[in-house]
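To find a chain, count down the sequence lines: A is the first, B the second, and so on, and within it residues start at 1. All figures in this text were calculated on a predicted structure; none of them were measured in a lab.
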There are 2 protein chains.
Amino acid sequence: MFAVYIFVIRTTAPIIMGISERKEREKIDKKQLIRSAAMKMFLEDGYAKTSIRNIADAIEYSPGTIYLYYKDKDELLYEVQRDAYGKLLEEFKAKAKHKDPVKRLMQIGKTYVAFGLANPELYDLMFIIRAPTNVDEELHKDNGGDSYFYLLDCLQECIEKDLLKVTDLNLCALQTWSVAHGLVSLNLRCRLKMMVEEKDMPKVLNDAIESYVKLLIK
Amino acid sequence: MFAVYIFVIRTTAPIIMGISERKEREKIDKKQLIRSAAMKMFLEDGYAKTSIRNIADAIEYSPGTIYLYYKDKDELLYEVQRDAYGKLLEEFKAKAKHKDPVKRLMQIGKTYVAFGLANPELYDLMFIIRAPTNVDEELHKDNGGDSYFYLLDCLQECIEKDLLKVTDLNLCALQTWSVAHGLVSLNLRCRLKMMVEEKDMPKVLNDAIESYVKLLIK
DNA sequence: GTCATTTACTGAACACCATTCATTATGTTT
DNA sequence: AAACATAATGAATGGTGTTCAGTAAATGAC
C-alpha cells in the first residue's frame with residue numbers, strides 16, 4: 001500500500017508539479033500586475049479616486065478578477081504599501097551610509113524628508129492614508145519595520161558611543177521619526193503654506209531636520 | 001429724487017430688515033445645525049463613513065437641503081474643521097498659561113499631544129484627513145492659525161529672553177509643531193504599535209515631547 | 001481521444017455614495 | 001388675493017466596492 005503510494009507520486013508528480021508550479025508563478029505574476037497597476041494609479045490619481053473598476057480597465061480584466069487575488073481594496077493598498085516601504089529602505093541604503101553614526105543619522109533624517117517631498121503621493125500611501133474599511137488595522141505592526149530598524153541601528157550605535165544627549169534608544173527613535181514625519185506630513189496637508197513659500201519648502205524642511213539632529217548630538 | 005429714495009427706505013426698511021434679519025438668523029441656525037450634526041457623526045463614525053444622506057436623516061431634512069447651505073461635502077468638512085481648531089485653542093488657553101515662557105512651552109507641547117490622544121477622530125479631521133475632491137486646497141492658509149500663533153508667541157518670548165538653543169523663531173516653531181504632530185499622527189495611524197503598547201502610549205508620547213522641549217532649552 | 005473536473009474569469013446585479021434639478025410647499029410683498 | 005421669493009424635497013444620474021451565478025478554458029483520468 002505504501003509502496004504504491006510512493007509509485008503514484010513518483011510517476012505523476014513531475015507533470016503535476018511542473019504545471020502547478022507554472023500556475024503558481026502565473027498567479028504571482030498576475031498579483032504583481034494588479035499591484036503595479038494599482039500603485040501607478042494610486043500615485044497618479046490618489047487612492048480615493050482610483051476605483052477597482054479603473055484598475056480592472058487598465059489591466060484589461062473584469063473587476064471581479066481583482067477580487068480573486070485581493071480580498072478587498074484595503075488588502076490591495078496594504079500590499080502596495082509594502083512595496084513602497086521597500087523603496088524607502090533602498091533610499092536609506094543608498095544615501096545614508098556614512099561610517100560615523102552621527103553623520104549617518106543626519107543623512108537618514110535628510111533622506112527621509114527629501115523622500116517625502118519628492119514622492120508625496122507615495123508617502124501619503126505609506127503613512128497617512130487610512131483604509132476606510134478596517135479601522136482596526138493590526139496590519140501595520142510589522143509593515144515598514146525594516147526602514148525603522150535602519151534608524152534604530154544607527155541610533156543604537158550613536159548611544160553606545162555616547163554621542164547623543166538622549167540615552168533612551170526607543171524614546172530617541174520615536175522622537176526623531178516624529179520630527180521627520182511631522183515635517184513631511186504637515187507639508188503634504190498644506191499646513192505650512194501659511195508660514196513657508198512653496199519654493200522654499202525643501203530648504204526649510206531640510207534646515208528643520210538638520211537643526212533637530214544638531215540639538216540631539218553632544 | 002434723493003429725498004424720496006430716503007423716504008422709501010425709512011418706511012419699509014424696519015419691516016424688511018426685521019424679517020430678513022430673522023431669516024438670516026434662521027439660516028445661520030440651520031447651518032450650525034447641519035455642522036454640529038456633521039461634526040458629531042464625523043467623530044462617531046469617521047468622515048469617510050458619514051454620508052450626506054446620513055446627516056440629512058439625522059437632522060430630518062432631505063439630502064438636497066444640505067446643498068443649499070454647503071457647496072459640497074468638502075466645504076462642510078472645512079467648516080467643521082474651523083470649529084475644531086477653536087477647541088484646540090481653548091485647550092491651550094486653559095492649560096498652557098504659565099508665566100514662565102519655557103514652562104508654558106512645555107505645557108503647550110503636552111497639551112497638544114494629550115489633545116491628539118484624547119480626541120483622535122477630531123485630530124484626524126483637523127490635520128490628517130484630505131478632502132477627496134479639492135486636492136488643491138488653498139483653504140488651510142489661514143485656517144487654524146490662531147493656535148499656531150499661540151505657540152509662536154510663546155516661542156518668541158522664549159527667544160527674546162534667550163532661553164532656547166535655537167534662535168530662528170520660524171524654524172523653531174516648525175520643528176516643535178512637527179514633533180508634536182508627528183507623535184500624534186503616527187500613533188493615530190497605528191505606526192507605533194510595533195514599538196509601544198497601547199496602554200503605555202500616553203506616557204511614552206508625553207515623555208517624548210518632554211524630552212524634546214528639554215533638548216530645546218538652554 | 002474523450003469526458004469529468006478543476007480553475008480562471010466574467011459581467012450583471014446589489015446596495016451604497018455625492019450631487020443635481022424640476023417640482024412642490026411655504027412665507028412674504030404688493 | 002395674486003404674484004413673487006425662498007426653502008425643501010426626492011427622484012434621477014452616474015459613480016463606488018463587492019458578490020456570485022454562469023461560462024469558458026485548461027487539466028486529469030480513463
Report the residue (B:Glu60 or A:Thr50) whose heavy-atom-nearest nucleotide on DNA chain D is the more 5′ of the two.
-> B:Glu60

CG of A:Leu76 versus C1' of D:dT18: gap in Å, rounded?
-> 14 Å

Under 4.0 angstrom between A:Ser51 side-chain N/O and D:dT16 OP1 or OP2 = yes

Residue A:Leu68, side-chain heavy atoms: nucleotide from D:dG10, C:dG11, C:dA8 that is nearest = C:dA8

Mind calculating the distance between CG (B:Asp74) and P (C:dC17) to the nearest angstrom?
-> 17 Å

Between B:Tyr61 (OH) and C:dT24 (C1'), how many Å, whole number?
-> 16 Å

When you measure from the centre of the six-membered ring of A:Tyr78, is the NZ or CZ of A:Lys71 under 6.0 Å away and within 45° of the axis?
-> no

Expected output: side-chain B:Tyr148 to main-chain B:Ala173 donor-acceptor under 3.5 Å | no

Looking across every strand, which nucleic acid part, if any, lies under 4.0 Å from B:Tyr69 by heavy atom: base, sugar-phosphate, or nothing?
-> sugar-phosphate

Does the side chain of B:Asn54 get closer than 4.0 angstrom to OP1 or OP2 of C:dC16 through an N or O atom?
-> no

A:Lys73 NZ - D:dT18 P separation (whole Å) | 8 Å

Distance in angstrom units between A:Ile66 CD1 and C:dG11 P, rounded = 13 Å

Think A:Tyr67 has a side-chain N or O under 4.0 angstrom from the OP1 or OP2 of C:dC9?
-> no

Closest nucleotide of DNA chain C for B:Thr65 versus for B:Ile52: which of these residues is on the 5' side?
-> B:Ile52

Does A:Arg53 get its side chain close enough to the base of D:dG15, under 3.5 Å, for a donor-acceptor pair?
-> no

Should we say atom NZ of B:Lys95 is surrounded by more than 12 heavy atoms from elsewhere, each under 6.0 Å from it?
-> no

May I have the distance from A:Tyr70 (atom OH) to D:dG17 (atom C1'), rounded to whole angstrom?
-> 17 Å

Could you check how far NZ of A:Lys31 sits from C1' of C:dA8, rounded to whole Å?
-> 16 Å

Any side-chain donor-acceptor pair under 3.5 Å between A:Glu91 and A:Tyr112?
-> no

Kindly confirm or rule out a cation-pi arrangement of B:Lys93 over B:Tyr150, judged by NZ or CZ under 6.0 Å from the six-membered ring centre and within 45° of its axis?
-> no

Distance in angstrom units between A:Ile55 CD1 and C:dG11 P, rounded | 18 Å

Is the shortest side-chain N/O distance from B:Lys30 to OP1 or OP2 of D:dA8 below 4.0 Å?
-> yes

